[in-house]
Amino acid sequence: MTTIPMEYGILLAAILFSIGLVGVLVRRNIMFILMSLEVMFNAAGLAFIVAGSRWGQGDGQIMFLLILTLAAAEVGVGLGLVLQMYRRFRTLDADALSGMRG
Amino acid sequence: MLDWLWLIPTFPLAGFLILTLTAGRLPKPAVFGVAVGSVGLAALLTALLGLDFLTSPPESHFYRQIVWNWMSVGNFTPNIAFYLDGLSLVWLGVITGVGFLIHLYSVGFMADDPSCSRFFAYLNLFIFAMTTLVLADNLLLLFLGWEGVGLCSYLLIGFWYQEPANGLAARKAFIVTRVGDTAMMIGLLLLFLHLETLNIQLLMQRASEQWPAGGTLATLAALLLLGGAVGKSAQLPLQTWLPDAMAGPTPISALIHAATMVTAGVYLVARTHVLFTLAPDIQFLVAVIGATTLLMVGFSSLMQTDIKRIIAYSTISQIGYMMLGLGVGAWTAGVFHVVTHAFFKSLLFLAAGGVIFCFHHEHNIFKMGGLRKRLPITFWSFMAGGAALSALPFTSGHYSKDEILLTAYTVGATGPLFWAAGVVGALLTAMYTFRLIFIVFFGSDERTKTVRESFGISMAAVLVVLSVLALFGGLLKLPLHDVLHSVFSETERATAVGWVGLITTLIPFLGILIVYLFYISRTFSADALVQTAIGRALNRFWYSDWGMDWLYDKALVQPYKRLAAINKSDIVDVPYKGIVVFSRYCYHAVSRTQTGQLRWYAAGMMFGVIVFIAVGVLS
């Protein structure tokens with residue numbers, strides 16, 4: 001059985017993370033920002049899995065479970081906020097909500 | 001018995017604290033009780049201690065009591081310590097004795113004043129500060145008392161503060177004496193720097209061991225101390241504050257601005273006389289200042305129309321005599337004149353206070369006249385005080401003033417000059433004193449028919465006691481010489497005799513004769529004299545005290561005001577304004593980064609994380 005080298009896995013995680021980050025920074029629609037955040041979560045999770053399998057330890061998978069739970073909770077709260085935002089401001093544009101600028 | 005010394009300043013301090021903390025809520029009899037009682041106790045204690053000190057003097061002729069250590073900075077450890085010797089005992093007696101009498105008088109004089117509790121609180125504080133001043137063992141504690149009496153003087157001159165002029169006079173007194181105080185403080189620092197102590201006795205001992213006579217340091221130190229003395233004792237060139245200080249209530253003029261506080265300068269010079277002996281130039285300067293002051297101010301007094309200002313100028317002139325005495329080395333005579341002056345000058349002020357009291361606060365002597373029959377007690381006490389002030393034979397003033405003048409005559413080549421100045425001063429003294437008495441108490445009483453002697457028993461009793469002291473205070477001469485002998489260690493000196501003594505004794509009668517011819521027999525007319533051109537000019541010039549106030553106004557006050565007007569936007573503020581501008585700029589710069597946009601913040605966080613990682617990786 002051939003194993004995929006760790007560098008590839010980490011590289012993939014880094015690429016995924018960057019895609020997610022760029023998505024957070026460039027997207028104005030709050031839904032897409034949330035989706036990009038999910039991508040970033042999963043990139044971090046992938047990095048844990050790859051590292052865990054490289055050293056043959058279960059800690060990586062435990063961390064991934066933790067991240068999964070965290071992501072689920074985050075989506076729950078985040079979607080609730082998005083709902084409220086849409087009800088109050090009738091928009092999903094994150095930049096429109098800049099009432100706290102100095 | 002002597003270990004009760006610390007109680008003497010403590011009683012008045014306790015009185016002050018009680019009166020201040022109750023803040024005028026005490027009923028008037030209680031206020032009088034506390035104020036007069038505390039000073040009365042101090043006076044009683046002084047009498048007992050003095051008796052003890054005289055009958056069984058300590059081996060070393062002084063008694064020192066250390067109450068506690070004030071502070072300890074390096075090798076500078078001044079104590080709150082009291083030092084009793086002949087000199088401080090004399091002053092203590094005058095302060096508590098005359099102070100007690102004046103407290104008693106004030107009970108009658110201030111009875112109707114709504115804020116008499118405040119008045120007595122200040123008065124007690126003054127007695128505390130003044131006793132601290134004379135009992136102080138080191139110059140720092142002396143300076144504490146010195147500033148304390150200055151503060152009380154300021155508070156009491158401006159006692160009737162609703163009148164803006166009174167506040168102005170109070171500020172003037174405070175600022176002018178501050179000039180002298182600054183010189184004195186520099187003097188203290190100089191002494192400490194070079195002799196490493198402020199303990200007076202140690203200081204005198206070290207000064208005479210380490211400094212040669214006539215040396216620069218001794219001269220400078222004596223000059224700076226003299227600066228303080230000149231300010232406090234209202235001598236040339238800082239005498240302008242004292243006449244204006246008459247804005248205060250009359251008992252204050254008697255106590256602070258005649259009997260006690262203004263002689264603090266004389267005390268300082270007498271206390272540090274070793275230093276002045278080491279600096280003969282400055283001691284000569286003391287005599288010159290005294291002689292010049294007594295002459296100049298004598299002329300000023302002759303022109304005044306305000307009853308209190310006449311006596312105020314005469315106070316300056318009498319302190320001039322004391323300074324002259326100290327300057328020619330007649331230490332004991334100078335101190336003796338302080339004592340007799342305290343008696344007759346407070347008597348004169350209190351009698352003038354009686355006139356003012358019965359006249360509903362009228363000060364102009366030309367609105368009075370013929371009061372001899374209307375105010376008999378006041379008249380006779382005025383006569384007693386006036387006779388002593390003019391140094392008529394057998395009154396107290398005669399003994400002290402003659403001693404000063406006759407000693408001055410024998411000292412050095414300039415002695416006769418000093419003597420002549422003093423004799424002309426004595427002539428002027430008799431003239432202005434009896435001019436005042438003749439105008440106020442003699443002549444027609446048309447305008448004063450309604451005036452009655454309306455003061456109570458306490459004021460009358462004080463006047464009588466002080467009259468007796470003013471007339472017979474000369475009897476204190478011998479005991480005083482005994483007491484002061486151990487302080488000054490003066491050798492017996494030849495005093496001038498013959499015609500010099502005769503002139504000195506008779507000159508006051510000439511003065512009385514001159515004013516008699518002007519104001520009683522009307523052989524000459526003072527008005528006609530003033531009508532001539534030169535007469536009018538001299539009258540105006542001397543009335544304004546040789547234009548000193550005008551000079552200071554032009555030379556110091558106006559330039560200062562102009563400078564203040566130019567520098568209205570204070571140059572010192574510029575750096576501080578710079579700080580304000582800079583921080584406001586920073587605030588605007590930073591606040592621009594707060595866009596309120598979520599993505600901007602996220603980018604900021606990312607940037608920060610990248611920087612941290614980069615730092616972590618690269619380092």
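Bear in mind that the values here come from a model prediction, so they are computed numbers and not experimental data. Labels below follow one simple rule: chain letters A, B, ... track the order of the sequence lines, proteins then strands, and each chain is numbered from 1.
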Participant: Less than 4.5 Å to any heavy atom of chain B: does that hold for the side chain of A/Leu25, its backbone, both, or neither?
Facilitator: both
Participant: Around atom CD of A/Gln61, are there more than 12 heavy atoms of other residues, nucleotides or ligands at under 6.0 Å?
Facilitator: no
Participant: Does the side chain of B/Arg599 come within less than 4.5 Å of A/Val24's, by heavy atoms?
Facilitator: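 They are not in side-chain contact.
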Participant: From B/Leu598 CG over to A/Asp93 CG, what is the distance, rounded to the nearest 0.5 angstrom?
Facilitator: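 With rounding to 0.5 Å, CG (B/Leu598) is 11.0 Å from CG (A/Asp93).
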Participant: Counting heavy atoms not belonging to B/Phe76, are there more than 12 under 6.0 Å from its CZ?
Facilitator: yes
Participant: Around B/Met605, counting heavy atoms of other residues, nucleotides and ligands shown, do more than 12 lie under 6.0 Å from its CE?
Facilitator: no
Participant: Can you confirm whether A/Phe48 is buried at CZ, in the sense that more than 12 heavy atoms of other residues, nucleotides or ligands lie under 6.0 Å from that atom?
Facilitator: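 Count not over threshold, so no.
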